There are 2 protein chains.
Amino acid sequence: MKTSKNKTKFVILGLLSEEPLTGYEIKKIVDTRFGFFWSESFGQIYPELKRLEGEGLIIGNELLANENQSGKASKKYKITEIGRGDLRKWLAEPVEKIAVRYEILLKMYFSNNTTPEVILNHIREFQIIHKKQQFIFDRIEDELRGNIDLHENHQAILTVLSLGQKLEVSYVDWSNEVINLLEGKLKNS
Amino acid sequence: MKTSKNKTKFVILGLLSEEPLTGYEIKKIVDTRFGFFWSESFGQIYPELKRLEGEGLIIGNELLANENQSGKASKKYKITEIGRGDLRKWLAEPVEKIAVRYEILLKMYFSNNTTPEVILNHIREFQIIHKKQQFIFDRIEDELRGNIDLHENHQAILTVLSLGQKLEVSYVDWSNEVINLLEGKLKNS
DNA sequence: GGCGGCATGTAAGTTGTTACATGATTAA
DNA sequence: TTAATCATGTAACAACTTACATGCCGCC
């Protein structure tokens, strides 16, 4: 089974399977809810929405400027039955292996070419970012556990969040180890 | 400080900072040693080597077919002092935030649109892959700890590996949790 | 004789980012 | 009045993948 590329399509279909949305709203949801494991830009979303409408997988409904809360006309899309079919088919396809890029590990690997101080600063910065993210995730978890029926896919959201939390623990633990190691090295020199 | 894009450049400079290499060897090293946090294709490496040579950051040395172990002529590149300067400059620049794409979390998030069995199969597959990877990393660690002076950047390699190991633990733990949850759901239905 | 590994390279296509243009409303 | 938010869309570019062409050597 050949796996489908063009994941933007399925991000859109997946989000529209819950409720009708505009392109702008899709982008916002991807940024806030999927931020730690996915990203999409407007330059991908808008042309893709047009394409999917052309294929009959979604249908758009124009809203006049006075019908929504903004000053500009917008377009709310909803998924069709054909769209749901494509979504289900993709869900059953084999999962593509995770794709990651950690520039920090590249710099760590090549760290012989610079001073320990330079690397230490990077790791400290890294740790600050991930401690913050850890805090945010824990907040989100509290909120979700307090409102069990806010989303119909409540359990799925918690499961996704759970991997995010575990990864943040790994990042913070690892940076602690590296900071200790590098600080020890600096003291002995 | 604006961060440099075009990371292929620094992967090449970084690897050449240790020893002269051919394009083919660079690709092999990226695949085997950086595989879990980075990737480069031939289509990126070969044109980039040409460009870097044109800029005087590296210099290539042609080897005839009979001078190496293959049947084809090859080109060994080594880094210049200017190249080392660029590498050091990049090492001091702020680190770009990690970029990840977990298609499995997308499917998890949208799992309401399919059956628990479909998701369960994906998670089981995911777990098999990451248990294998965990085993491989532990092997590499044993090997490295047994040969302390194989590489001059020995400690850096262990540090990079350490994050890989922690991430694999997260993946395996998480998939265990999800498998238990979904199997429970299937029994109660 | 065929396959896998060594080895280089290009072309075409896809994917994704960034910047820009447009423009109304609301809050500081 | 100015910045932020809502909102859509395109153009240019940069990054990256995939397939292909070429060809020797050693092994089974």
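Numbered from 1 within each chain, the chains take letters A, B, ... in sequence-line order. All values derive from a computational prediction rather than experimental measurement.
Of the residues in residues 41-48 of chain B, those lying under 4.0 Å from DNA chain D by heavy-atom distance are S41(B), G43(B), Q44(B).
Residues satisfying the side chain to side chain donor-acceptor pair (under 3.5 Å) criterion with S39(B), sequence neighbours excluded, are absent altogether. Here F126(B) pairs with H130(B), Y171(B), W174(B) under the ring pair (Phe, Tyr, Trp, His ring centres under 6.0 Å) rule; sequence neighbours left out. With sequence neighbours left out, W38(B) forms a ring pair (Phe, Tyr, Trp, His ring centres under 6.0 Å) with no residue at all. In this structure, N112(B) has no side chain to side chain donor-acceptor pair (under 3.5 Å) partners at least two apart in sequence or on a different chain. Contacts of V95(A) classified as side chain to side chain contact (heavy atoms under 4.5 Å, CB included), with partners at least two apart in sequence or in another chain: E103(B), I104(B), K107(B), H122(B). By the side chain to side chain donor-acceptor pair (under 3.5 Å) test, T159(B) pairs with Q155(B), sequence neighbours left out. With sequence neighbours left out, Y46(A) forms a side chain to side chain donor-acceptor pair (under 3.5 Å) with no residue at all.
One interatomic measurement links the two molecules: NZ of K7(A) to P of dT14(C), which rounds to 15 Å at whole-angstrom precision. In this entry the distance linking OH of Y24(B) with P of dG23(D) reads 18 Å, nearest Å. Per the geometry, CG belonging to N6(B) stands 16 Å off P belonging to dT17(C), to the nearest Å. Note: NZ (K5(A)) to P (dT17(D)) measures 13 Å, nearest angstrom. What separates CD of E103(A) from C1' of dA15(D) is a distance of 15 Å, to the nearest Å. A straight line from NZ of K9(B) to C1' of dC16(D) spans 19 Å, rounded to a whole angstrom. Atom-to-atom, NZ of K27(A) to C1' of dG9(D) comes out at 15 Å; the value is rounded to the nearest Å. Residue E40(B) contributes atom CD, which lies 8 Å from atom P of dT17(D) at whole-angstrom precision.
A close approach under 4.0 Å does not occur between any side-chain nitrogen or oxygen of K75(B) and OP1 or OP2 of dA7(C). OP1 or OP2 of dC6(C) has not a single side-chain nitrogen or oxygen of T22(B) nearer than 4.0 Å. K50(A) has no side-chain polar atom (N or O) that falls below the 4.0 Å cut-off from OP1 or OP2 of dT8(D). Residue R101(A) has a polar side-chain atom (N or O) positioned under 4.0 Å from OP1 or OP2 of dC16(D).
F10(A) and W90(A) have parallel rings, their planes meeting at less than 30° on a 0 to 90° scale where 60° marks the start of perpendicular.
Side-chain proximity of S39(B) to the nucleotides dT8(D), dT17(D), dA7(C) is greatest for dT17(D). Nearest nucleotide to the E25(B) side chain, out of dA7(C), dT8(D), dC6(D): dA7(C).
When the local axes at the two ends of the helix from dG1(C)-dC28(D) to dA28(C)-dT1(D) are compared, using 5 base pairs at each end, they differ in direction by 30° after rounding to 10°.
Checked against the 6.0 Å centroid threshold, Y102(A) and F36(B) do not count as a close aromatic pair.
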